[in-house]
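Every chain is numbered from 1, with letters handed out A, B, ... down the list of sequences. Any value given below was found using the heavy atoms of this structure, including those in side chains, with hydrogens, waters and symmetry copies removed.
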Protein chains: 2
Amino acid sequence: MGFSNLDQEDLKELSRRTGQACVGFNLRKASRLLMRLYDEAFEPLGLKGTQFSLLMAVVGNNGAAIGELAQPLGMERSTLSRNITVLQKKGLVTVEEGEDRRQQRISITDSGVSVLQKAQPLWQGVQERLACELGEERIKNLLEDLKSLSQLFKGK
Amino acid sequence: MGFSNLDQEDLKELSRRTGQACVGFNLRKASRLLMRLYDEAFEPLGLKGTQFSLLMAVVGNNGAAIGELAQPLGMERSTLSRNITVLQKKGLVTVEEGEDRRQQRISITDSGVSVLQKAQPLWQGVQERLACELGEERIKNLLEDLKSLSQLFKGK
DNA sequence: TATCAATGTGTGTATATACTTATATTAAAG
DNA sequence: CTTTAATATAAGTATATACACACATTGATA
């Protein structure tokens with residue numbers, strides 16, 4: 001039916017409804033806020049929440065190439081390439097040419113393992129705080145829904 | 001009990017469990033993937049998903065200052081300041097000094113309204129696709145959970 | 001084997017994000 | 001009314017993110 005005659009009030013109402021219903025907006029907003037909590041928690045280690053996640057992914061796929069790592073993270077390979085460089089500069093991972101000399105294989109360093117060990121209880125702290133404030137059940141459902149959502153993009 | 005004797009297998013298992021349970025990681029992963037879908041949908045308008053959200057927020061708070069807008073978005077004011085500049089360069093919003101000359105008041109332009117009108121059905125398309133693939137009920141629960149999560153940071 | 005297509009990464013460019021610091025303006029104290 | 005504290009924003013710096021493109025390497029084909 002078009003919007004040709006939308007006045008200020010109509011636009012305001014449209015904005016309100018869209019903000020309430022938009023999955024992307026609410027996902028991003030929650031993400032912004034939550035990541036600050038993680039960043040705060042890991043701050044004593046000089047680590048960001050995103051870097052903790054990535055280091056965890058590296059150790060779970062030790063020696064994997066960029067492209068192989070990017071897949072399960074749902075991340076562009078070029079993005080991952082840059083993020084890995086950050087961990088490398090911190091001395092947490094090493095990057096080595098594979099047998100296939102196009103590939104760069106990523107491995108965690110001893111220092112990386114050490115940081116991960118110190119980070120784990122900090123992560124646990126955030127996790128428990130969330131479970132406490134939102135309830136275990138709600139967290140469980142949220143995780144399921146998020147995984148279903150990610151699953152939709154499996155092929156891409 | 002410490003991790004002093006963690007071997008490769010233990011680390012791999014730790015990584016797997018953490019990846020499964022971490023709210024931040026799964027939130028971010030879903031966010032990354034989903035935002036690409038929005039970006040694709042809005043591409044004909046030269047708009048990103050984030051920019052659509054922001055433009056919607058502007059029109060819902062027309063004439064608000066940066067700080068007033070940042071609050072409901074859960075965004076840093078400095079971040080919002082930069083994001084607004086992008087919309088301004090596209091001619092979608094105007095920035096004007098307020099009576100309090102420290103404030104910059106943001107308003108949508110006619111061009112901005114026009115783009116929003118064209119964007120709305122594209123947004124609706126994504127929304128319906130999600131509802132179709134995940135189910136209305138699941139989307140509803142997900143939105144509720146995300147809002148509860150954001151609510152935790154209300155004071156900050 | 002020489003050529004060409006496919007693959008794996010990195011770089012250029014743009015945006016999103018936050019924290020810290022600088023600047024300007026208002027409000028409060030004296 | 002002057003000094004000082006509080007507030008609003010922007011700019012500096014760093015990271016996260018993606019897309020398009022360039023480059024190198026491998027694999028396939030003629």
Side-chain angles (χ1 to χ4, degrees), chain A residues 24-25 27-40 42-43 46-55 57 64-71 73-90 92 95-106 153 156, chain B residues 24-25 27-40 42-43 46-55 57 64-71 73-90 92 95-106 153 156:
Chain A
F25 169 68
L27 202 55
R28 246 182 128 76
K29 176 175 172 184
S31 188
R32 270 195 299 270
L33 293 165
L34 182 57
M35 290 319 285
R36 280 190 258 177
L37 190 60
Y38 284 100
D39 288 351
E40 202 179 314
F42 294 128
E43 192 273 336
L47 211 61
K48 302 288 197 71
T50 49
Q51 297 167 358
F52 170 77
S53 291
L54 181 50
L55 198 53
I66 298 279
E68 295 164 351
L69 254 181
Q71 226 286 317
L73 295 173
M75 201 179 280
E76 277 298 309
R77 289 166 310 171
S78 61
T79 300
L80 182 55
S81 178
R82 285 194 161 98
N83 293 357
I84 285 292
T85 302
V86 175
L87 295 188
Q88 187 188 18
K89 280 194 291 193
K90 287 175 187 281
L92 305 178
V95 179
E96 290 170 316
E97 208 172 56
E99 322 87 63
D100 180 335
R101 280 158 46 212
R102 289 171 299 188
Q103 293 186 332
Q104 298 290 306
R105 302 205 161 274
I106 317 300
F153 304 91
K156 310 196 75 174
Chain B
F25 169 68
L27 203 53
R28 245 183 129 77
K29 177 176 172 184
S31 188
R32 269 194 299 269
L33 292 166
L34 182 57
M35 289 319 286
R36 280 189 259 177
L37 190 59
Y38 284 100
D39 288 352
E40 201 178 316
F42 294 127
E43 191 273 336
L47 212 62
K48 301 287 197 72
T50 49
Q51 297 167 357
F52 170 77
S53 292
L54 181 50
L55 198 53
I66 298 278
E68 294 163 351
L69 256 182
Q71 226 285 320
L73 295 174
M75 201 179 280
E76 277 298 309
R77 290 166 309 170
S78 61
T79 300
L80 182 55
S81 178
R82 286 195 159 98
N83 293 357
I84 285 292
T85 302
V86 175
L87 296 187
Q88 188 188 18
K89 280 193 291 191
K90 287 175 189 280
L92 306 178
V95 180
E96 291 170 315
E97 209 173 54
E99 322 88 63
D100 181 335
R101 279 160 45 213
R102 288 171 299 186
Q103 293 184 331
Q104 298 288 308
R105 302 205 162 274
I106 317 301
F153 303 93
K156 307 198 75 176

Q) Between A:Met35 (CE) and C:dA18 (P), how many Å, whole number? A) 11 Å

Q.
The test is side-chain contact (heavy atoms from CB on, under 4.5 Å); show your working for B:Thr79 and B:Leu73 and say whether it passes.
A. CA-CA 11 Å; B:Thr79 300; B:Leu73 295 174; over 6 Å; no

Q. To the nearest Å, how far apart are B:Ile66 CD1 and D:dA11 P?
A. 11 Å

Q. Whole-Å distance between D:dA8 P and B:Gln104 CD?
A. 13 Å

Q) Measuring from B:Phe52:CZ to B:Asp39:CG, what's the distance to the nearest 0.5 Å? A) 12.5 Å

Protein-nucleotides 5-7 of chain D N/O pairs closer than 3.5 Å?
{"from": "D:dT7", "atom 1": "O2", "to": "B:Arg102", "atom 2": "NH1", "distance (Å)": "2.8"}

Q. Between atom CG in B:Leu73 and atom C1' in C:dT17, what is the gap in whole Å?
A. 13 Å

Q) What residues form a salt bridge (Lys or Arg N to Asp or Glu O under 4.0 Å) with A:Arg32, not counting sequence neighbours? A) none

Q.
Between B:Arg105 and B:Glu97, is the side-chain contact (heavy atoms from CB on, under 4.5 Å) condition met? List the steps.
A. CA-CA 6 Å; B:Arg105 302 205 162 274; B:Glu97 209 173 54; over 6 Å; no

Q: Using a strict 4.0 Å threshold on nitrogen-to-oxygen distance, state whether B:Arg82 and B:Glu76 make a salt bridge.
A: no

Q) A:Met75 and A:Asn83: side-chain contact (heavy atoms from CB on, under 4.5 Å), yes or no, with the steps? A) CA-CA 10 Å; A:Met75 201 179 280; A:Asn83 293 357; 3.7 Å; yes

Q) What's the CG-P distance between B:Leu69 and C:dT17, to the nearest Å? A) 13 Å

Q: Summarise how protein sits on nucleotides 12-21 of chain D as a single string, 5' to 3': B when a protein heavy atom is under 4.0 Å from the base, S for sugar-phosphate-only contact, - for no contact.
A: BB-SSBBBB-

Q | Inter-residue atom distance B:Ile66.CD1 - B:Arg77.CZ, 0.5 Å rounding | A | 10.0 Å

Q: Check the distance between C:dT9's C1' and A:Glu96's CD and give it to me in whole angstrom.
A: 16 Å

Q) Between D:dG27 atom P and A:Gln103 atom CD, what is the distance in whole Å? A) 10 Å

**Q.** Atom pair distance, as rounded to whole Å: CD1 in B:Ile84 and P in D:dA11
**A.** 14 Å

**Q.** Distance (rounded to the nearest 0.5 Å) between A:Ile106 CD1 and A:Leu54 CG
**A.** 9.0 Å

Q: Enter the distance from B:Leu33:CG to B:Tyr38:OH here, rounded to the nearest 0.5 Å.
A: 13.0 Å

